[in-house]
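Take a look at the structure below.
Values in this document were obtained by computation on a predicted structure and should not be read as measured data. We use all heavy atoms of the structure for the numbers below, so side chains are in, but hydrogens, waters and symmetry mates are not.
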There are 2 protein chains.
Amino acid sequence: MSEPTPGLDALPRFVVDRTSPVPLYYQVAQHLEDAIHSGAVPTGTLFQNEVDLAASLGLSRPTMRRAMQHLVDKGLVVRRRGIGTRVVQPKLRRSLELTSLNDDLTRAGRKPTTEVLSFERVQATDVVAERLEVPEATVVHELVRIRRADGEPIARLINYLPEHIVAFDELDLAEHGLYELIRRQGVVLHSATQTLGARTATAAEARLMSEPRGAALVTAQRVTYDDHGQAVEFGNHIYASSRYTFEINLLTT
Amino acid sequence: MSEPTPGLDALPRFVVDRTSPVPLYYQVAQHLEDAIHSGAVPTGTLFQNEVDLAASLGLSRPTMRRAMQHLVDKGLVVRRRGIGTRVVQPKLRRSLELTSLNDDLTRAGRKPTTEVLSFERVQATDVVAERLEVPEATVVHELVRIRRADGEPIARLINYLPEHIVAFDELDLAEHGLYELIRRQGVVLHSATQTLGARTATAAEARLMSEPRGAALVTAQRVTYDDHGQAVEFGNHIYASSRYTFEINLLTT
DNA sequence: CAGTGGTCTAGACCACACC
DNA sequence: GTGTGGTCTAGACCACTGT
C-alpha cells in the first residue's frame, strides 16, 4: 500500500496571538483548517507529530491536542496511534447544522424572498399541542409563509410557536429568518428533530408552488428545542422537489 | 424565572475501575448517561461543580471535564460559565449516524428482509463515475435490492461499488447490511454525504413498491467515503413514502 | 526498537453569573 | 465578593504501529 502523499509537513510560519481573547487552541485549529481548505496542505498529507508541532508553536501538548481534536471533530483529519495525523478529503465543509432555508439560499447565491400569507393566534390542534408540549387548545401563533428564490416558489412554511416566544411582527418576518428572530430574544436553541418524507401535492398546493398537478413534494416536520428542553417551534413544511433537495453530511464516528 | 428542578445533585455511589482498559473519563460519562436515561437524574437537575465531582470520584479535574464534554457533545447536558451543568431533555438518543436501513428497521422492531434483484459488474456511467471518482467506463459492481419490512416493500436500493471493495456474494447481501459487509473487509468508513428529495413513481416503480400510480417517492443519493477520502459506495435509492420517513436529530452547537 | 497518539495528573489563572 | 466553567501548562505513563 503506497501512501497517497507521503511527504512530511512543514507548516507555513505561524505564531499565535497570546493577547487575543480567541483561545490558542482555536487559533491553531483555524489556521490549520484554512491551510487545508486553501490546498496548501493537500489531502493525504501526514502532519508533524503533535509534540514537535506544539513545541514549534510554543504551546503545551494538551493545547495542541485540543486543536487537533477540533479538526477531527470536523472530519478534516484522521488520527491513528502509532501512525500520525493525516489530512482527509475536505468535502464536508460543515456537518449538519440547524440552518434556516433562508440562510441556505443566501449561501447558495440566490436571492430569497419571503411572503407572509398569514400570522395569527389560533388554538392548538391536538397534533400541534403534542409537538409543542402544551395543553390542547392553548393559544399559539400560527404563521404561514412562502419562500421564493429568484421569484420561483421553493417552499410553503407553516410554523407554530408558543405565544411567549413571539415578539416580532410580519415585517420582521419578511426580512429575517425565523431562527434569527427567535435567537434575538435571548432564546438559546439547543437541538431539533426533523422528519423528512414525500407526498403528492393537492391541487391548491400545486398552484401555489407552480408545480404540475400531482407533483411530488418533499415534506418536513421539525420541532426545535431550547436549552431547557422546551419546544420553541413546530414547523410543517412542503418543498417543491424540482427546485430543492436536502443535503446532509455526516461523520461516522 | 424559577428553576425547573433547583435541587443539587447527589450522585449514587460510583467508583471507577482503574484496572479496566476503558478510559476513566468514559466510565464516568457512561455512568452519568445511564443515570440520565434511567431517570435517576431528571431533566433540569444541576450537577455538582466539576471540581467537587472530580474530587469525590478521585479523579483529576481535566479527566472530569472530559467526561462532561462527552455529555455535552451528546446533547445531554448544557454547561454555562458561572452557572453550572444542567441536564436537558434527553430527547436525542443518538445524533445522526451512518446507519443502514437494515439496522433502522431492526431497531424499530420490524423484520427486514432483502431480495437481491441483480448483482453484476457493469461499466460506470458518467454519473456513477463522477460520484465514485473513477474514470468513466471503469468496471464497477452494481447491485439492486428490495428491502421489505414484514413483507411490505419499503425501498429499492441501487448501489455502485468499486470492484476491489466487493468480496461478498448475493447470499451475504441477503442476510447482512451493506455497510456491515464493507466494514468486515477492514474498510474504515469516515463520512458520507446524502441528498434527499422526492419524485413521482414510474409505472414500474409503483408496481414494485406496491404503491398507486403516480405515488410520491422519497429519493436518496448517498456517497460514502473511507478514511482516505476514497469513495467506497454510491447509492441511488427510492423509498415508499407511505411507509418510511427519514428522521434527523441535530444539535445546534 | 523508536515513534506515534491516547490517557491522566496537579496545579494555575481567567471570564462570567449571581448575590 | 463567591462560585462556576473555560483555558493553559509541564510533566508522566501507556498502547499501538512500523522497522
Side-chain angles (χ1 to χ4, degrees), chain A residues 1-3 6 8-9 15-30 32 45-73 76-88 186 188 227-228 253, chain B residues 1-3 6 8-9 15-30 32 45-73 76-88 186 188 227-228 253:
Chain A
M1 187 86 59
S2 72
E3 298 304 329
L8 303 187
D9 181 36
V15 286
V16 297
D17 176 5
R18 298 193 97 100
T19 71
S20 162
V22 177
L24 300 183
Y25 81 88
Y26 193 82
Q27 291 183 37
V28 176
Q30 198 61 53
L32 293 174
T45 305
L46 207 51
F47 275 15
Q48 287 173 337
N49 72 71
E50 64 186 20
V51 178
D52 291 353
L53 223 38
S56 75
L57 291 176
L59 297 171
S60 69
R61 191 184 164 202
T63 301
M64 192 64 219
R65 278 186 65 74
R66 189 161 177 188
M68 290 296 204
Q69 190 55 47
H70 198 81
L71 298 180
V72 172
D73 293 343
L76 294 170
V77 303
V78 172
R79 314 198 78 190
R80 276 218 216 306
R81 194 182 333 208
I83 307 283
T85 303
R86 169 156 282 150
V87 178
V88 299
V188 179
D227 61 349
H228 292 71
T253 46
Chain B
M1 188 82 58
S2 72
E3 298 303 329
L8 303 187
D9 182 36
V15 285
V16 296
D17 176 4
R18 300 194 94 101
T19 71
S20 162
V22 178
L24 301 183
Y25 80 88
Y26 193 83
Q27 291 184 38
V28 175
Q30 198 61 53
L32 293 175
T45 305
L46 206 52
F47 276 15
Q48 288 173 336
N49 71 70
E50 64 187 18
V51 179
D52 291 353
L53 223 37
S56 74
L57 292 175
L59 297 171
S60 70
R61 190 183 163 202
T63 301
M64 194 64 219
R65 278 186 67 73
R66 190 162 177 188
M68 290 296 205
Q69 191 54 49
H70 198 80
L71 298 180
V72 171
D73 293 343
L76 294 171
V77 303
V78 172
R79 315 197 79 191
R80 278 218 214 304
R81 190 178 343 205
I83 308 282
T85 303
R86 168 157 284 151
V87 179
V88 298
V188 179
D227 59 350
H228 293 71
T253 44

**Study point:** Under the side chain to side chain contact (heavy atoms under 4.5 Å, CB included) test, residues paired with A:R66 that sit two or more places apart
**Key:**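 Testing A:R66 for side chain to side chain contact (heavy atoms under 4.5 Å, CB included), a comparison that skips the adjacent residues, returns A:Y25.
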Practice item. Can you sort out the partners of A:N49 under side chain to side chain contact (heavy atoms under 4.5 Å, CB included), two or more places apart, ordered by chain and number? Key: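 So A:N49 forms a side chain to side chain contact (heavy atoms under 4.5 Å, CB included) with A:V51, A:D52.
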Check your understanding: Under 4.0 angstrom, heavy atoms only, what part of the nucleic acid is A:R66 near: base, sugar-phosphate, or nothing?
Key ->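 Sugar-phosphate, no base atom in range.
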Review point. For the helix from C:dC1-D:dG18 to C:dC18-D:dG1, what is the angle between the axes at its two ends, each from 5 pairs, rounded to 10°?
Key: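 About 10°, once rounded to a multiple of 10°.
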Check your understanding: Sequence neighbours excluded, which residues qualify as side-chain hydrogen bond (donor to acceptor under 3.5 Å, both in side chains) partners of B:E50?
Key ->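 Once residues adjacent in sequence are excluded, the partners of B:E50 under the side-chain hydrogen bond (donor to acceptor under 3.5 Å, both in side chains) criterion are B:R61, B:R65, B:R79.
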Check your understanding: Considering residues at least two apart in sequence or located in another chain, which fulfil the side-chain hydrogen bond (donor to acceptor under 3.5 Å, both in side chains) criterion with B:S20?
Key ->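 For B:S20, no residue satisfies side-chain hydrogen bond (donor to acceptor under 3.5 Å, both in side chains) once neighbours in sequence are set aside.
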Using nucleotides 14-16 of chain C, report all nitrogen or oxygen pairs with the protein that are shorter than 3.5 Å.
unit_1	atom_1	unit_2	atom_2	d
C:dA15	O4'	B:R81	NH1	3.0

Check your understanding: Just to confirm, is there a sub-4.0 Å distance from OP1 or OP2 of C:dT4 to any side-chain nitrogen or oxygen of A:N49?
Key ->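 A:N49 to C:dT4 OP1/OP2: side-chain N or O found under 4.0 Å.
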Practice item. State, to 0.1 Å, how close A:L71 and A:A29 come at their nearest heavy-atom pair, and which atoms those are. Key: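 Reported closest heavy-atom pair: CD2-O, 3.7 Å.
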Check your understanding: Nearest heavy-atom pair of B:S60 and B:T63: which atoms, and what distance?
Key ->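 Here B:S60 and B:T63 meet closest at OG-OG1, 3.1 Å.
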**Study point:** Distance in Å, B:D73 CG paired with A:D73 CG, rounded so as to fall on 0.5 Å steps
**Key:**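 Rounded to the nearest 0.5 Å, the CG-CG separation comes to 6.5 Å.
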Exercise for review: Return each pair, listed once, that meets salt bridge (Lys or Arg N to Asp or Glu O under 4.0 Å) where at least one residue sits in residues 17-29 of chain A; pairs must be two or more places apart or across chains.
Suggested key: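 Not a single pair qualifies under salt bridge (Lys or Arg N to Asp or Glu O under 4.0 Å).
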Review point. Got A:M68 and A:L53 here, is their nearest side-chain heavy-atom distance under 4.5 Å?
Key: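 Side-chain contact under 4.5 Å: yes.
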Practice item. Return the 5'-most residue of the pair B:D52, A:P62 with respect to DNA chain D, ranking by each residue's nearest nucleotide. Key: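 Per heavy-atom nearest nucleotide, the more 5' residue is B:D52.
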Review point. Heavy-atom contacts under 4.0 Å between residues 22-30 of chain A and DNA chain D, which residues?
Key: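 Within residues 22-30 of chain A, the residues near DNA chain D are A:P23, A:L24, A:Y25.
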**Study point:** Interface limits on DNA chain D, where chain B has a heavy atom under 4.0 Å of a nucleotide atom
**Key:**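 Counting from the 5' end, contacts occupy D:dG3 to D:dT7.
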Exercise for review: Please name the residue in the list A:T85, A:L46, A:T45 that meets the side chain to side chain contact (heavy atoms under 4.5 Å, CB included) test with A:V77.
Suggested key: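 Only match with A:V77 under side chain to side chain contact (heavy atoms under 4.5 Å, CB included): A:T85.
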